[in-house]
Visitor: 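Before anything else, here's the structure in question.
In this text the structure is predicted, and so the values were computed from the model without any measurement. Convention: sequence-line order gives letters A, B, ...; per-chain numbering from 1.
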Amino acid sequence: MALISIEELYKSFGNFRVLQDINLEVEKGDFVTIFGPNGAGKTTLIKILATLVSPTRGTVVVNGFDVREKPIDVRRSIGVISHDTYLYHELTAVENLRFYGQMYEIERIEERIRDVISRVGLAHRGNHRVGTFSRGMKQRLSIARAILHNPVILLLDEPYTGLDQHASAIFDKIMQQLGTEHITRIMISHDIERGLKLCNRAFILNNGSFVNEVARDKISSIEEYRGVYEHLVTGE
Amino acid sequence: MIVNHALHIAYKDLKTEFRTKQMLNSMIIFSLLVIIIFSFSFADFLTDQDLITMVAPGILWISFLFAGMLGLSRSFAGEKEEGCLDGLKLCPCERTSLFQGKVISSTVLMFIMELFTIPLFIILFDYTITGIPLLVLVILLGTLGFMFVGTLLSALTVNTRTREILLPVLIFPVIIPVIISSVTATSKILTGAGFANITEEVQILVIYDIIFFIVAQLVFEYVIED
């Protein structure tokens with residue numbers, strides 16, 4: 001059984017249709033990247049998977065739980081990393097993690113905080129306020145926040161936004177480590193090179209529909225895929 | 001546990017607020033300024049006890065509500081920074097715990113502001129308050145009514161560009177029963193009335209609080225959705 005299953009998903013805001021006839025199955029351990037231009041519906045799709053937005057029609061099942069019927073169980077199964085870090089500037093790194101740990105009702109919370117904060121290389125800044133962190137450090141702490149409750153699925157919404165080369169490389173390394181733990185990851189991105197580097201399946205979403213799906217090992221070069229993307233999105 | 005989640009949110013809010021004191025300081029200063037300005041405006045009538053008895057309770061509640069509005073406007077707007085509101089919505093708990101947590105933290109801040117305001121009000125308007133427990137009861141019920149409605153509307157307006165303007169415009173018509181009952185009851189208490197004389201106002205406040213608490217629990221999930 002697929003870990004994420006989407007069948008005939010439609011989403012409209014008023015009369016404006018954002019997603020139409022979306023079908024997707026993601027297996028355990030998959031890293032799926034969804035590319036698409038602005039306004040294609042990528043963020044809406046991630047928000048539906050994260051239970052932040054309700055589908056208009058269709059079925060969305062995450063880790064065996066329907067997003068409409070069991071949203072709390074879905075939220076327990078997922079971690080979300082976005083260009084927004086969801087962190088409080090006035091609290092220290094440890095206080096932020098403790099707050100989210102309490103909200104997720106994590107047992108042996110202090111031990112878990114020490115573990116995740118070490119994994120993202122921020123143990124030495126644990127008692128510093130997040131407001132003093134660089135963008136890259138905040139994003140690393142955001143990863144710690146997202147994996148704090150041991151989610152089986154990570155949803156990544158443009159996680160590279162605002163990261164420099166060094167911070168992006170650290171981010172990639174952490175993502176690869178998470179891959180060895182068979183955490184399923186779905187990322188949406190504009191950045192074809194980075195998106196292809198990590199994934200094993202790639203999708204192109206345009207005008208609310210998937211217009212291309214391909215396994216990573218079937219893509220011979222980034223340039224070739226970029227050409228396909230340009231053709232499908234801009235028609236050139 | 002829904003109450004636990006609400007308490008964690010309230011504790012987080014109060015911890016961040018006490019660290020910066022941005023909102024609390026603004027609320028206290030604003031409230032004190034309102035009392036001072038009104039006391040100067042009515043300086044010539046301060047010896048006319050009947051007139052002061054008529055207008056002073058209104059002045060006290062104006063200072064509470066206007067200063068409370070400052071806190072309410074930041075209650076959810078502050079969560080928009082770094083997308084923290086989405087972070088809270090992603091937590092595996094009932095969304096109503098977010099409402100309850102915000103009500104608790106905003107109410108605590110408002111009580112602190114009221115604690116600073118009342119002594120100045122008593123001094124400047126030359127009152128001797130005898131019914132302190134009754135006054136506390138009325139302030140508690142009035143503040144809760146204001147917070148139940150205000151927190152709900154604050155969540156409703158958080159995604160609008162004109163939230164600072166929209167919030168007071170929406171909130172004041174809805175809390176008219178709270179304002180009238182609180183001002184009337186406060187006026188009676190300040191003139192030495194006992195509980196028997198304010199039962200009608202207390203009943204209205206209790207019913208109002210219960211109704212809006214239940215309404216908020218029922219609609220908050222939809223109000224907070226994107």
Visitor: Please look at Ser82(A) and chain B and tell me whether the side chain, the backbone, both or neither of the residue comes under 4.5 angstrom of a heavy atom of that chain.
Guide: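 Contact with chain B is absent: no heavy atom of Ser82(A) under 4.5 Å.
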Visitor: At a 4.5 Å cut-off on heavy atoms, which part of Arg145(A) comes close to chain B: side chain, backbone, both, or neither?
Guide: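 Neither; nothing under 4.5 Å.
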Visitor: Could you tell me if Tyr88(A) and Glu79(B) have a donor-acceptor pair between their side chains, going purely by distance under 3.5 Å?
Guide: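 Checked: Glu79(B)/Tyr88(A) side chains pair up, N/O donor to acceptor below 3.5 Å.
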Visitor: Which heavy-atom pair separates Arg19(B) from Leu91(A) by the least distance, and what is that distance?
Guide: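 Closest approach of Arg19(B) to Leu91(A), heavy atoms only: NH1-CA, 3.7 Å.
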Visitor: Side chain, backbone, both or neither: which part of His149(A) has an atom under 4.5 Å from a heavy atom of chain B?
Guide: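 When you check distances to chain B, no heavy atom of His149(A) falls under 4.5 Å.
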Visitor: If you round to the nearest 0.5 Å, how far is CD of Glu82(B) from CG of Leu87(A)?
Guide: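 Answer rounded to 0.5 Å: 6.5 Å.
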Visitor: Decide yes or no on side chain to side chain contact (heavy atoms under 4.5 Å, CB included) for Lys15(B) and Glu95(A), but give the supporting numbers first.
Guide: CA-CA 10 Å; Lys15(B) 191 170 198 171; Glu95(A) 285 169 344; 3.3 Å; yes
Visitor: Ile9(B) versus Phe99(A): any side-chain heavy-atom pair under 4.5 Å?
Guide: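 With C-beta onward as the side chain, the pair touches.
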Visitor: Which bit of Ile224(B) comes within less than 4.5 Å of chain A, counting heavy atoms only: side chain, backbone, both or neither?
Guide: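 Contact with chain A: none, neither part.
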Visitor: Minimum heavy-atom separation for Arg95(B) to Leu52(A), with atom names?
Guide: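 Taking Arg95(B) first and Leu52(A) second, the nearest heavy atoms are NH2-CD2, 4.3 Å.
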Visitor: For Met103(A) and Lys12(B), what are the C-alpha separation, side-chain angles and deciding distance, and is it a side chain to side chain contact (heavy atoms under 4.5 Å, CB included)?
Guide: CA-CA 11 Å; Met103(A) 294 301 287; Lys12(B) 180 268 299 171; over 6 Å; no
Visitor: Can you measure from CG (Leu90(B)) to OH (Tyr104(A)) and round to the nearest 0.5 angstrom?
Guide: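 It is 5.5 Å, given to the nearest 0.5 Å.
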Visitor: Walk me through it: do Glu105(A) and His5(B) pass the test side chain to side chain contact (heavy atoms under 4.5 Å, CB included)?
Guide: CA-CA 9 Å; Glu105(A) 297 171 341; His5(B) 288 126; 3.3 Å; yes
Visitor: Provide the closest heavy-atom pair for Arg75(A) versus Pro92(B) in the form atom of the first, atom of the second, distance.
Guide: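 Nearest pair, atom of Arg75(A) first, then Pro92(B): CB-CA, 4.1 Å.
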